[in-house]
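Letters go in sequence order (proteins before strands), and every chain restarts at 1.
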Number of protein chains: 2
Amino acid sequence: MRRTPSLADVAREAGVAPITASRVANGAENVDEATRSRVLDTMGRLGYRPNLAARALATGHFKSIGVLTSSMRSPGNMWTIGEIVTAAAERGYTVTLLPFELRGGETVVNAYDRLTHEGVDGAIVVAERRLDDDTSITLPPGVPVIFIDAGGGDEYTVIDSDQAGGARMATEHLLDLGHRTVHHIAGPRESYAAMRRLAAWRRVLEERGLRVPEAPIGDWRSTSGHEAVDALLADGATAIFAANDQMAFGVLQRLHELGIDVPGQVSVVGFDDVIDADASWPPLTTVRQAFDEVGRVAIADLLERIADHDRPTAGVVVPVQLIVRGSTAAPA
Amino acid sequence: MRRTPSLADVAREAGVAPITASRVANGAENVDEATRSRVLDTMGRLGYRPNLAARALATGHFKSIGVLTSSMRSPGNMWTIGEIVTAAAERGYTVTLLPFELRGGETVVNAYDRLTHEGVDGAIVVAERRLDDDTSITLPPGVPVIFIDAGGGDEYTVIDSDQAGGARMATEHLLDLGHRTVHHIAGPRESYAAMRRLAAWRRVLEERGLRVPEAPIGDWRSTSGHEAVDALLADGATAIFAANDQMAFGVLQRLHELGIDVPGQVSVVGFDDVIDADASWPPLTTVRQAFDEVGRVAIADLLERIADHDRPTAGVVVPVQLIVRGSTAAPA
DNA sequence: GGGTAGCATGGTTGCGCTACCATGCCCGGT
DNA sequence: ACCGGGCATGGTAGCGCAACCATGCTACCC
């Protein structure tokens with residue numbers, strides 16, 4: 001008695017050829033109803049479970065896509081990944097998570113190496129950090145790859161929210177309220193997204209001929225927002241645009257500590273609209289990224305690329321939306 | 001010229017038998033150094049990539065574990081999953097994500113069904129919601145399963161943070177500060193964790209012979225914390241223990257709206273210590289769950305169970321820790 | 001110097017499934 | 001009645017890899 005029944009067992013038991021059982025298992029049309037139900041019944045009775053490895057070996061594709069990610073901690077990343085998983089599942093694909101960095105200190109290259117073994121039909125790189133160009137070269141050929149939130153050069157498809165547009169909206173919102181300028185707390189230099197937001201913020205100020213204050217560089221975490229506040233206030237800040245919500249939370253906290261009224265004395269804007277952005281005090285004005293849309297577009301594009309490897313690469317920019325809440329107002 | 005080189009190609013090219021190439025690919029010890037490097041060189045030159053499907057078919061195991069999850073949105077869940085992925089990767093295992101609910105409304109049963117196809121060696125169920133008993137019966141036999149944060153009965157291994165202990169610590173902390181009683185905002189009834197926290201909170205009050213206020217039921221989201229506050233205040237609350245951090249954020253926000261000082265007039269405690277719990281205003285006193293430890297223990301236990309299917313089930317309770325910050329103080 | 005331990009290597013086989021093509025049946029058209 | 005088309009079904013083969021056991025070789029021991 002073998003451990004687990006195979007299609008051959010089912011076929012023998014049901015009195016059909018293995019291929020017919022296979023057709024039933026795959027829901028093929030051209031099977032007689034009586035035969036189908038007999039096979040189905042036998043499968044149930046035997047407790048048949050298709051072996052995906054065998055199927056993948058025979059068909060050459062795995063119905064699985066790999067998601068390479070550097071950080072499972074960042075709320076935005078997790079959100080994106082969740083949406084990718086859902087979108088993939090809807091299309092009958094499974095998602096395998098491949099972490100960039102292990103605690104032992106494995107590198108990006110190793111993650112790619114891992115990818116080459118995984119038996120995935122394609123991959124999505126969700127990297128908040130910029131990848132060095134020479135590591136991206138090590139991507140295994142023949143595996144379609146899509147980048148989210150990272151510069152991948154022209155050779156790969158990059159899908160991302162409209163970072164520049166969002167930063168522009170945030171900055172213009174504050175200026176339109178009457179602030180003389182806007183102070184920015186940037187994300188880390190390694191992040192393409194952070195650099196795009198920084199550049200767009202600067203651009204708006206320059207376009208309007210306004211003073212461009214020095215922008216401290218944060219690490220995305222709330223503490224770096226917290227720590228940046230004092231210097232910004234010393235520089236006369238009345239409007240602070242943080243490159244993500246977490247840093248904005250840190251800013252809010254420091255302003256509360258100092259007894260500074262928000263938005264009465266200082267306005268604050270974040271970026272991302274993470275899950276609790278509306279639960280802060282005051283509720284945070286921020287730029288909402290359509291993470292679900294990003295995930296959907298990424299999956300859709302990747303599946304097309306899997307079907308046609310020679311599809312030309314093309315980036316997609318997903319629109320963002322300014323969500324005005326209670327942390328912004330006209331200057332005193 | 002075939003699409004992708006196989007071990008046989010490598011072997012032929014390197015002048016060895018396929019099995020020798022296989023040994024090199026698997027890092028077996030008993031291969032001559034010269035032979036090994038020659039094969040390795042050939043692999044590199046040919047761009048050989050091992051086919052995991054073939055390997056899994058031949059060995060019978062996939063080096064992959066499935067994570068079934070109902071929600072990719074909850075910060076706690078995502079944190080746990082992230083740690084599972086990391087812990088699994090350290091042990092050479094890959095994680096495949098299997099969502100419970102698709103947008104179309106697939107059910108838990110379908111997720112299990114999907115699991116049976118996935119070709120995983122074992123599975124971890126990360127369910128903040130309680131599973132109905134009869135659905136759990138549909139778990140495919142022969143696939144070791146571990147539950148996190150969900151009641152699985154005695155037939156399965158359940159690993160979880162010490163929900164009761166954490167709730168007890170939170171409640172006692174507030175009482176020890178001098179509050180006459182503690183009001184609780186519970187999580188949804190379907191959640192085992194929420195029910196354990198609720199029961200432990202009630203227990204502490206009863207032990208001390210204190211009044212047990214009515215506990216509103218929330219949905220984990222900040223809005224339900226926000227909405228619960230007014231009734232609690234009307235009931236004379238001076239100390240509010242929310243069943244998770246998000247609801248605590250909602251509580252803080254409502255208290256701010258009402259101009260009530262925290263912790264001067266009302267103390268607030270959360271649960272989880274999510275990523276920005278220390279960035280709220282005031283910084284949130286909360287119960288820290290060791291999500292990383294939960295993930296590690298789950299993987300360790302699951303791998304042992306994969307190696308020995310007949311291992312007796314045994315639950316593990318992972319300790320939690322009260323993190324006292326600025327949202328709690330003695331009553332006015 | 002003979003025996004043997006220990007190591008590197010190879011041949012064969014089968015994991016479970018599906019692709020490809022062939023076959024046989026029933027049906028309607030003329 | 002004959003022929004051809006459409007449909008259900010089957011036979012055979014192979015996907016890429018590792019398990020099993022056998023073989024040949026070296027080196028070492030007494």
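Out of C/dG10, D/dA8, C/dC20, the shortest distance to the side chain of A/I19 is found at C/dC20. Side-chain proximity of B/T59 to the nucleotides D/dA19, D/dA8, C/dT9 is greatest for D/dA19. Checking C/dC17, C/dT18, D/dA18 against every side-chain atom of A/P18, the shortest atom distance belongs to C/dT18. Taking only side-chain atoms of B/A17, from C-beta outward, the nucleotide of C/dT18, C/dG11, D/dA18 with the closest atom is C/dG11. Here the side chain of B/T20 is nearest to one of D/dG10, D/dA18, C/dT9, namely C/dT9. In the set D/dT9, C/dG16, D/dC17, the nucleotide with an atom closest to the side chain of A/T35 is D/dT9. You'll find that the side chain of A/L57 is closest to C/dG16, out of C/dT18, D/dG10, C/dG16.
Exactly one of B/L68, B/V158, B/V126, B/T157 qualifies for a side chain to side chain contact (heavy atoms under 4.5 Å, CB included) with B/F147. That residue is B/V158. The only option from B/I124, B/V317, B/T80, B/V297 that meets the side chain to side chain contact (heavy atoms under 4.5 Å, CB included) definition with B/I159 turns out to be B/V297.
In terms of polar N and O atoms assigned as donor or acceptor, the side chain of B/R23 comes within less than 3.5 Å of the base of C/dG10 in a complementary pairing.
Separating the CG atom of A/N26 from the C1' atom of C/dG16 is a distance of 12 Å, rounded to the nearest angstrom. Between the CG atom of B/N51 and the P atom of D/dA18 there is a distance of 10 Å, rounded to whole Å. Across the protein-nucleic acid pair, B/R12 atom CZ and D/dG16 atom P stand 11 Å apart, rounded to whole Å. Rounded to a whole Å, the CG atom of B/L46 is 13 Å from the P atom of D/dG16. To the nearest angstrom, P of D/dC17 lies 15 Å from NE2 of B/H61. Rounding to whole angstrom units, CD of residue A/E33 and P of D/dC7 are separated by 15 Å. Rounding to whole angstrom units, CG of residue B/D32 and C1' of C/dG6 are separated by 14 Å. In this structure, A/L7 places its CG atom 19 Å from P of C/dG14, rounding to the nearest Å.
The closest donor-acceptor contact from the side chain of B/D292 to the backbone of B/E83 lies at 3.5 Å or more, if one exists at all.
Salt bridge annotation for B/R38-B/D41: absent, with no cationic side-chain nitrogen under 4.0 angstrom from a carboxylate oxygen. At a threshold of 4.0 Å, the pair B/D32-B/R36 does not count as salt-bridged, since none of the basic side-chain nitrogens sits closer than that to a carboxylate oxygen.
Of the two residues near DNA chain C, A/Y48 and B/R36, the one whose nearest nucleotide lies more 5' is B/R36.
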